[in-house]
**Q** 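The structure's right below; bear with me while I get my questions together.
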Amino acid sequence: MVEKKHANIFKCLELKGKQRYSNSEMQFFFFSFSSAEGYFYFQFPTSDFKLFSYLWPEILFVKIMERRVRVRFAPSPTGPLHMGGVRTALFNYLFAKKHGGDFLLRIEDTDQNRYVPGAEDYIIESLKWCGLVPDEGVGFGGEYGPYRQSERKVMYKQYADFLIENGFAYYAFDTAEELNSLRKEAEANKHVFSYDLHTRNNLKNSLTLSPEEVLERLQTGEHYVIRFKMPENRDIIEEDLIRGRVSFNTNQLDDKVLFKSDGMPTYHLANVVDDHLMKITHVIRGEEWLSSMPLHILLYESLGWSETRPYFSHLPLILKPEGKGKLSKRDGDKMGFPVFPLLWKDPETGEYSRGYREDGYFPEAFINMLALLGWNSGTEQEFFSIEELIEAFDLSRVVKSGARFDPEKAKWFNRHYLHQKSALELAEQFKPELVDKGIEVDGNKLEIIVSKIKDRCEFVKDLWSQSHYFFVAPESYDEKTIKAKWKADTGEKLLTIATFLETIEEWKAETIKELFSAFMASKEWGFGAVMVPIRLALVGASTGPDLFEILELVGQQECIRRIEIAVELLK
RNA sequence: GGCCCGUUCGUCUAGGGGUUAGGACGCAAGAUUUUCAUUCUUGUAGCAGGGGUUCGAAUCCCCUACGGGCUACCA
């Protein structure tokens, strides 16, 4: 029975095995594939293929039965969600959906000092706008809750205690002031103070104090933290699904605080405990976490969870369009593009930060742009629907280096999506703006107008600037065009034309064009001399679709009126 | 300072020992449109530097430079 299953698995393997990495020692083959039972990822050395294929089925069988792909997006509610955060959520979402798994939203609010009201709702609303709807999490239900770490507070202590009991962690009583002064001192000597295996024996902790004293300090309620006791001289080697082999030596790592004196766990403990309890199979997060990966691996090991611990992958950061460093709120303000998905009002300063939604981006354009920032399908395809992204997504095709954000390309994506939309749909979105301006238009006519101008727009908000003359007479005329095209006899010619237009009975673009051409021929006037001036009179500038279509849509009497006004004003 | 990660056109990227180094954005030119935009065509521009290994290196190795991350009782 088991054998039969293996046959299927091997078939799957042949189909999906595709990724080859090389590193300094030998070549490895990596396989990742999903089946009805779940997702599996593993590696083996080329030379050992026969041996491995003989040995591995059982291991694989166990893993497959146990693990359904589960990933989480775990932001901290310290402010609006950055577009880099949205991209992290997106990649998690794509990965989950690709492998038929679950995408969870967990709110990491273990730092009460940095809590910003409204941030959590903002995160949820942002994900919804982007279409990245979690299967479980804060605001979405699920069986592994609560999904807000502050509400899980009571659960963490036992794991910290377990670590202490088993010698993986210890109590530390050093005050913030003491540590700060040690840091200052080290800085003065051009060193950096680190609470680690070199210094912990000279500090106030349960490693240096007698058991009695430790007990007494605990009983008198003295403030303490629990620190991880980083083991000595161990090489932690891990295959990051994006970056390949990454290695660390524990001698370089410090004893991180796991449990704070306020009774809350730090990110490291809470993260590992929750990922374990929520059965997370793949941790996909930003590069800023790469350095703490060895700590997390060691935590899984110390807690006895190595067998089921997740795979790690660290996403590159999004960098500023110009200059140094990662993309920040300031860049957006300075260069005029949004950094956040939605408009955000800072609850403290009242300051606004623009959002992609409010700036007129379509969520699908925003997502498409974000997906291509640091990932590509390996083909030349650039436009992807969310379904296509899910189908094509693969962590191994995520680029390792940071990507500079290009606002121009973001606009280009939006333009593309706008052009793809039907005039009807765009007209619907345009209507509220017209109503606001007190303009009433017949739906059919509006759709026709939109169809004429949508290709010249980048955003829905451009619809007005490209079509206002269909609804309202121009209030001014473009100076350059006047200079170039408005000659001494232009006014007179236009009045003659106005009189002629009055005589047209069927006010249709085609008919007008036909009769107009005949009229021009009879007068022996060149088109060039009058076309632009007429356009100027109707539109106010030298832009817009075919002039005869404008004539038709603006209406006979209104056209004549506008020509007369222009002639009067431009005398 | 220490540790870790990275580096192909201005930007996003493909390519992973033999390629005229491919595509996209941007920019420029041309065509179409007697306007402007769209669209189409063409052009523009790149393997960070230095050593190795090799018949042959953008590709593998080492060094340097540069960029980034971390180095909090922040995440």
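Bear in mind the structure is a predicted one, so any value in this text is a computation, not a measurement. Chain naming here is simple, since letters A, B, ... match the order of the sequence lines and numbering starts at 1 in each.
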**Q** As a test of reading the structure: which of B:U38, B:U71, B:G23 is closest to the side chain of A:K256, going by heavy atoms?
**A**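 Given the options B:U38, B:U71, B:G23, the side chain of A:K256 is closest to B:U71.
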
**Q** What's the closest nucleotide to the A:V399 side chain, out of B:C5, B:A75, B:U13?
**A** B:U13

**Q** What contact category does A:D174 fall into here, base, sugar-phosphate, or nothing, at under 4.0 angstrom with non-hydrogen atoms?
**A**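 Base, at least one base heavy atom under 4.0 Å.
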
**Q** Could you give the distance from CG (A:L81) to CD1 (A:I123), rounded to the nearest 0.5 Å?
**A** 5.5 Å

**Q** Expressed as a whole number of angstroms, how long is the span from A:Q149:CD to B:C74:C1'?
**A**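 It is 13 Å, rounded to the nearest whole Å.
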
**Q** Between B:G10, B:A75, B:C73, which one does the side chain of A:T110 approach most closely?
**A**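 So the nucleotide nearest the side chain must be B:A75.
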
**Q** When you compare B:A45 with B:U8, how far apart are their C1' atoms, in angstrom units rounded to a whole number?
**A** 12 Å

**Q** Can you work out whether A:K324 or A:T266 has the more 5'-proximal nearest nucleotide on RNA chain B?
**A** A:K324

**Q** If B:C3 has a Watson-Crick or G-U wobble mate with both distances under 3.5 Å, name it; if not, just say none.
**A**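 Pairing partner: B:G69.
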
**Q** Tell me whether the rings of A:W525 and A:F519 are parallel (<30°), tilted (30 to 60°) or perpendicular (>60°).
**A** perpendicular

**Q** What's the gap between B:C62 and B:G69 when it is taken at their C1' atoms, as a whole Å value?
**A**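 Nearest-Å result for B:C62 against B:G69 at atom C1': 24 Å.
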
**Q** Considering every strand and a 4.0 Å limit on heavy-atom distances, what is the contact class for A:F193: base, sugar-phosphate, or nothing?
**A** sugar-phosphate

**Q** Name the closest nucleotide to the A:W412 side chain, picking from B:C70, B:U39, B:C25.
**A** B:C25

**Q** Establish, from distance only, whether the side-chain atoms of A:N249 and A:N233 form a donor-acceptor pair under 3.5 Å.
**A** yes

**Q** In whole Å, what is the span from the CG atom of A:L372 to the P atom of B:A14?
**A**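 Computing the A:L372:CG to B:A14:P distance gives 11 Å.
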
**Q** Could you state the NE2-P distance from A:H314 to B:G69, rounded to the nearest angstrom?
**A** 15 Å

**Q** Answer yes or no: is there a donor N or O on one side and an acceptor on the other, between the side chain of A:T88 and the main chain of A:L315, under 3.5 Å?
**A**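 Not a single qualifying donor-acceptor pair exists.
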
**Q** Output the rounded distance in Å from CD1 (A:I107) to P (B:C74).
**A**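 For the pair A:I107 CD1 and B:C74 P, the rounded distance is 18 Å.
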
**Q** Round to the nearest Å and state the distance from A:K204 atom NZ to B:C73 atom C1'.
**A**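 Spelled out: NZ on A:K204 to C1' on B:C73 is 15 Å.
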
**Q** What's the closest nucleotide to the A:Y267 side chain, out of B:U39, B:A75, B:G69?
**A**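 Output: B:A75.
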
**Q** With both distances under 3.5 Å as the test, what is the Watson-Crick or G-U wobble partner of B:G16?
**A** none

**Q** At under 4.0 Å between heavy atoms, what does A:P545 touch on the DNA or RNA strands: base, sugar-phosphate, or nothing?
**A**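 If one applies the 4.0 Å heavy-atom cut-off, A:P545 turns out to touch a base.
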
**Q** Would you classify A:G286 as touching base, sugar-phosphate or nothing, given that sugar-phosphate means primed atoms plus P, OP1 and OP2, and contacts are heavy atoms under 4.0 Å?
**A**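 The answer is nothing, as A:G286 stays clear of every strand by at least 4.0 Å.
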
**Q** For A:K454, answer base if it contacts any base atom (sugar-phosphate contacts may also be present), sugar-phosphate if it contacts only those atoms, and nothing otherwise; contact means non-hydrogen atoms under 4.0 Å.
**A**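 Here A:K454 touches no strand at all.
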
**Q** Whole angstrom is fine here: how far is it from CZ in A:F405 over to P in B:G68?
**A**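 One finds 19 Å between P of B:G68 and CZ of A:F405, rounded.
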
**Q** With heavy atoms under 4.0 Å as the rule, sort A:V257 into base, sugar-phosphate or nothing.
**A**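 Here A:V257 touches the backbone only, sparing every base.
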
**Q** Does any donor atom in the side chain of A:D111 or A:Y267 lie under 3.5 Å from an acceptor atom in the other side chain?
**A** no

**Q** Consider ring-ring contact (aromatic ring centres under 6.0 Å, His included). Of A:Y356, A:F366, A:F383, which one does A:F413 pass it with?
**A** A:F383

**Q** What's the gap between B:U41 and B:C61 when it is taken at their C1' atoms, as a whole Å value?
**A** 45 Å

**Q** Looking at A:T379 and A:Q381, would you say the former's side chain and the latter's main chain have a donor-acceptor pair under 3.5 Å?
**A** yes

**Q** Given B:G15, B:C73, B:G68, identify the nucleotide with an atom nearest to the side chain of A:R397.
**A** B:G15

**Q** Between B:C47 and B:G2, how far apart are the two C1' atoms, rounded to whole Å?
**A** 31 Å

**Q** Which atom pairs link the protein and nucleotides 2-4 of chain B when you take only N or O atoms and keep those under 3.5 Å?
**A**
| from | atom 1 | to | atom 2 | distance (Å) |
| --- | --- | --- | --- | --- |
| B:G2 | O2' | A:Q252 | OE1 | 3.4 |

**Q** A:Y122 vs A:F340 aromatic rings, parallel, tilted or perpendicular, using cut-offs 30° and 60°?
**A** perpendicular

**Q** With a 3.5 Å limit on both atom pairs, tell me what B:U11 is paired to, counting Watson-Crick and G-U wobble, or say none.
**A** B:A24

**Q** Considering every strand and a 4.0 Å limit on heavy-atom distances, what is the contact class for A:T78: base, sugar-phosphate, or nothing?
**A**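 Touches nothing.
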
**Q** Once you round it to whole Å, what is the distance between P of B:A37 and CG of A:L418?
**A** 18 Å

**Q** What nucleic acid atoms does A:G325 come within less than 4.0 Å of, heavy atoms only: base, sugar-phosphate, or nothing?
**A**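 The residue A:G325 makes sugar-phosphate contact but no base contact.
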
**Q** In terms of side-chain heavy atoms of A:A403, which of B:G67, B:C12, B:A75 is nearest?
**A**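 Among the listed nucleotides, the one closest to the side chain of A:A403 is B:C12.
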
**Q** Checking contacts here: which listed nucleotide (B:C12, B:G6, B:U38) is nearest the side-chain heavy atoms of A:K409?
**A**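 Taking heavy atoms from C-beta onward, the closest nucleotide is B:C12.
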
**Q** Between B:G15 and B:G22, how many Å separate the two C1' atoms, rounded to a whole number?
**A** 8 Å

**Q** Could you tell me whether the side chain of A:R404 has a donor or acceptor atom within less than 3.5 Å of a complementary atom in the base of B:C12?
**A** no

**Q** Between A:N113 and A:G374, which has a closest nucleotide on RNA chain B that is more 5'?
**A**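 First, find each residue's nearest nucleotide; the 5'-ward one identifies A:G374.
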
**Q** Which nucleotide, B:U39, B:G68, B:G23, lies nearest any side-chain atom of A:E287?
**A** B:G68

**Q** State which of B:C74, B:G26, B:U71 makes the closest approach to the side chain of A:D111.
**A** B:C74

**Q** Does a sphere of radius 6.0 Å around NZ in A:K421 hold more than 12 heavy atoms from other residues, nucleotides or ligands, not counting ones at 6.0 Å or beyond?
**A**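 Above 12, so yes.
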
**Q** Please report the distance, rounded to the nearest Å, between NZ in A:K400 and C1' in B:U8.
**A** 14 Å

**Q** Is the phosphate of B:U13 approached by A:N376 (side-chain N or O, under 4.0 Å from OP1 or OP2)?
**A**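 It does not, given that no N or O in the side chain of A:N376 lies less than 4.0 Å from OP1 or OP2 of B:U13.
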
**Q** Would you measure the distance from the C1' atom in B:U64 across to the matching atom in B:C12 and give it in whole Å?
**A** 28 Å

**Q** So, A:D174 versus A:Y195: side-chain donor-acceptor pair below 3.5 Å or not?
**A** yes

**Q** So what's B:A29 paired with, Watson-Crick or G-U wobble, going by both distances under 3.5 Å?
**A** B:U41

